[in-house]
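Protein chains get the first letters and strands the later ones, always in sequence-line order, with residue 1 at the start of each. Values below: all heavy atoms of this structure, side chains included; hydrogens, waters and symmetry mates excluded.
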Amino acid sequence: MAGNVSVIAPLGILIAGGFVIYLLARLLNLDNRVEAVLTVLVLLATLVTTWMLIPSWFGSTTAFFGVLGDGGVIFQPNVLGIFIFLISLILGGLVSLYSAKSLSRDSRYLVYYPLILLSLAGLLGMFMTRDLFNLFLLTELTTITVSALVGFRYHQDRAIRAGFKYLIMSSLGTMIMLFGIYLVYRGSGALGLQMEIPIGTDSFSRIGAGCFLVGFSLKAGVVPLHTWVPEVYSQAPSSVSALMAGVISKSMLFIIPGVCLRLGITREELGIFLMVSACLNMLLGVIRALNQRELRRFLSYSSIAQTGYLMFTLGVGIYYSYTPAFSTGLFLFLGEAVMNGLVFLSAGVYEYHLDIRDVQALSGVSRKMPAQAFCFSVGLAGLAGIPLLAGFTGKWLVFSATIAVNDRFAWIGLAIFLISTVIGLAGYLPVLAFQYRPAENLASDSAVGDFSRVHVSNWMAIPVGALTLMVFLLGVYPGPWMGIIESLIKWLAI
Amino acid sequence: MISSLWLLGVAALPLVAVVVLLIWRKATKLQAGVLALVSEGLTLLIVFLLLPRLRQDGAVFYSFAWIQNLSINFSLELNWLSLVFLVTEMAVTLAAMVYSLGENTGEKSSNYYYALLLLFSLGMSGTTLAEDVFVFYIFWELMLLASVLLILIWGHGEERGKVSLKYFIVTHLGSLIVLVGLITLYVNVGSSSLSVLMEQAGSLPLQMQRTLTALFVIGFSVKMAIFPLHIWLPDAHTVAPTPVTIILAAAMLSMGTYGILRFPFSLFSMEALQPFSLWMMITGLISEVYGALMAFAEKDVKRIIAYSSVSQMGYILFGLGSLTEVGMQGAVMHVVYHAIVKGLLFMVVGIIIQATQERDIQKLGGLGKALPAVCLAAAVGALGISGMPPLGIFNSEWMIFSGGFETGFPAILTIGTLLGSIFTVIYALRFFGAIFLGDQRPDKLPKKASLALILPTVAVAVLLLLGGILPGPLLSWVVRGVQGVVGGL
């Protein structure tokens, strides 16, 4: 073993924390809320240790931990991974707090929190590992734990089906990646993923890179490999959907350049792939969202479109070697994590308190839950790109980056971006407005039988409120966040 | 002399009132209305208090750093051009707020209703004062959002959801086109400040200036409801509660005019704008005639006046397209006069609908005897919109036509526009005659209109008369405002 052990401290805390919480819960028969609080404490400890890593790598990129030499296992933090992981930790903490109430009617919470911790450990490991085989293993760790979380409510057929679908689709992705590993090893005889050194540019490596591209695209929900997204996001517990739509799926996009560009795929090829796929995601997402009756399926398609916006920005950055596009991509990731987290958690509040799952049934809910309706509206308006909310700042930055490169591909992409924005509005606005429908126009299937207020549990209200505040902060005062991203981007080497 | 910090008050004061209204849930309609009126009135007073400063310095400027990473500042500027639009918009909002007190709109949730009216007004005043393109767009969208919510929540009929959605999507599409133009400017010049853009945008490549001009003219024409981009207007104006319709028609449409003057006309060279001149004039002519014919064909009294707006915006685009000083001055004068006359006509229509519960012009008639004051005001409005001297629109149309003749394009174009105004006379006289003349229908005996409705209506009619007879003060503001634009050409 060599290197600095603090590098893997966050990973160790997450994995150990998961097992300890499970054991404590089994032995002491812990209450759901206690387990949630313990999970938040583990995430806080992980946050602190991750934060403490910053001085060690801010000045140099050589900090690592692992076994050197052939077949060695190396973990090396990088700025991109740390940034994405910090956001994931914060959203994970909020989701855990929220679950303290939202899971109170489920009996299987014993395994829920450990699975959350393990899925985040897999995610962190994916960004820290420096070889393809461990990347494969850690991707599997994330996939399997998330599959279990998706099928968490195993007494519901649709949940089981969704979990199974995700497992099959994701496993297909990882199988393709495994085949890619074989091809890369055959072509180059190495699996190390050093930042500075391309592994190979031979045709085996290039095909292997293609396999990784397909595998990660599947996990990110890139069209046409997106078919699992609506089913999974609508059937998983809303807290899991929030985590998946907010960070886990979209973070896969940031692994693609680091892997593919080192395996012989050119910037032009990858950039074009991302931009074209992005356009498909944007259009399919917003068009399919229009005719969805189920609230979380609507949000799922919206999330597919949001993935498209992120891919488009990364595509512009890679194709044109335009660094500000990466800053924009990270800002978008942050904004989408917050907004998707907010809308999925809000949908969960409606499900939990009013048993509302359909868009039509939202009629008049603002009378029962005015604050909750406001928060959900902020999330939807943010996703629609309304000024002074996170989505608008992201939109402004995407426009700026695209216009700055001033090329026909970028302009075509921007036109599609605009069209999808307008179509998206036709989806977001009615959902938003349904909540405020006047009493005399309430739909017959409205859940609002009387207008008595429903108290939203603080366990759910606090995470939702915090995310709402974040949506405002990112829109009204985005400067500090952009400052952090810009300082990080200086160290980013894609 | 008053500090430029007071300029911030124009944005901050309505916001404070909005917060109070949002908290004050138990406010009655009268309480909420009076609070909103006081806030709007004080804001207008601040604008007038800034006038000496404006006369001295030529502009009043206030700024603070906002998003430093993007070099975006929260900058406001009051100049002569923005003054004309600002005062028009605020006066219209004030009148609409008084009118709201007498109308049966916003009876429920009055605090929210007046808060949204204030935000609507703030969106327009912020748009006119913005000195930074980012700030401009924020206020531009605030204006849209507030108006959409007002129609969605307090609009008439089952269709209000669909209508507000259509209004939002169509106008937002125009806004996005504008946004692309704004960001292209920002990226290529490297600044979002309008004063910097005014200095440097003229030196951008000619092709880029022309592309940007096309984007801005199309984007702002959506807001102006120029044919064929007017599709949102008739439904939105019809479904919206009358006070909101008054603000939409009398004030918000003019924001498109302001946008064209503030961006392509202020920023780019004459060489870049020249190719658009003829097209703008032709589109203006088509819009003028189309709107007038549709107004003539319509039966719904609100839709008649709504289509009249499409027609009147055609005159304005024609004046702008002439690219002459007098044409542009006429266009800006027309904005003000149109605001007055359109506010007046919608007030009249609102009173008629409230008094008779009838919107079909064929089922109305003979109301002149029952509502003499309203009849007199409607007569002033109908004659005003027909361009009858000495009412204001005569002055502005005269200037617009003069601008048209100065262009060097075939005179037939301007003559066509002049002749097109005959259609305006026809629908205006039909509107007045069918409602107020003839025999009164026994089944449509009107209820007595409240003083809160009659007073602002009569006041606006008097203002239209005064504005026409004494155009001097307005003209001096407009001349100075347009000079700032033409000076850059």
Nearest heavy-atom pair of [X] and [Y]: which atoms, and what distance?
{"X": "A:Val422", "Y": "B:Ile169", "answer": "CG1-CG2, 3.4 Å"}
{"X": "A:Met482", "Y": "B:Asn69", "answer": "C-ND2, 3.6 Å"}
{"X": "A:Pro478", "Y": "B:Ile67", "answer": "CG-CD1, 3.6 Å"}

Next item on the list: Indicate yes or no for a side-chain donor-acceptor contact from B:Trp66 to the backbone of A:Val476 under 3.5 Å, with no hydrogens or angles considered.
Entry: yes
Check: A:Leu397 versus chain B, heavy atoms under 4.5 Å apart: side chain, backbone, both or neither?
Finding: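 Only the side chain of A:Leu397 comes within 4.5 Å of chain B.
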Item checked: Side chain, backbone, both or neither of B:Phe168 within contact of chain A (heavy atoms, under 4.5 Å) -> side chain
Considering heavy atoms only, which positions within [range] lie below 4.5 Å of chain B?
{"range": "residues 383-394 of chain A", "value": "A:Ile386, A:Pro387, A:Leu388, A:Phe392"}
{"range": "residues 468-475 of chain A", "value": "none"}
{"range": "residues 401-413 of chain A", "value": "A:Ile403, A:Ala404, A:Trp411"}

Item checked: Student check: side-chain heavy atoms of A:Phe399 and B:Leu182 closer than 4.5 Å ->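 Answer no - side chains too far apart.
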Next item on the list: Would you give the length of the straight line joining atom NZ of A:Lys395 to atom CD1 of B:Ile183, rounded to the nearest 0.5 angstrom?
Entry: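 Answer for the NZ-CD1 pair, A:Lys395 versus B:Ile183, is 9.0 Å.
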Listing, residues 371-380 of chain A side-chain donor-acceptor contacts under 3.5 Å, not counting sequence neighbours, or none:
from: A:Gln372; atom 1: NE2; to: A:Ser346; atom 2: OG; distance (Å): 3.2
from: A:Ser377; atom 1: OG; to: A:Ala373; atom 2: O; distance (Å): 2.6
from: A:Ser377; atom 1: OG; to: A:Gln435; atom 2: NE2; distance (Å): 3.2
from: A:Ser377; atom 1: OG; to: A:Tyr436; atom 2: OH; distance (Å): 2.8

Note to self: Applying side chain to side chain contact (heavy atoms under 4.5 Å, CB included) to B:Ile72 and A:Trp396, what does each step give before you reach the verdict?
What the structure shows: CA-CA 12 Å; B:Ile72 289 171; A:Trp396 178 277; 4.2 Å; yes
Margin query: Go through it in stages, so that I can follow the logic: the residues are B:His172 and A:Leu429, the test is side chain to side chain contact (heavy atoms under 4.5 Å, CB included), and I'd like the CA-CA distance, side-chain angles, deciding distance and then a yes or no.
Written below: CA-CA 12 Å; B:His172 190 70; A:Leu429 273 187; over 6 Å; no
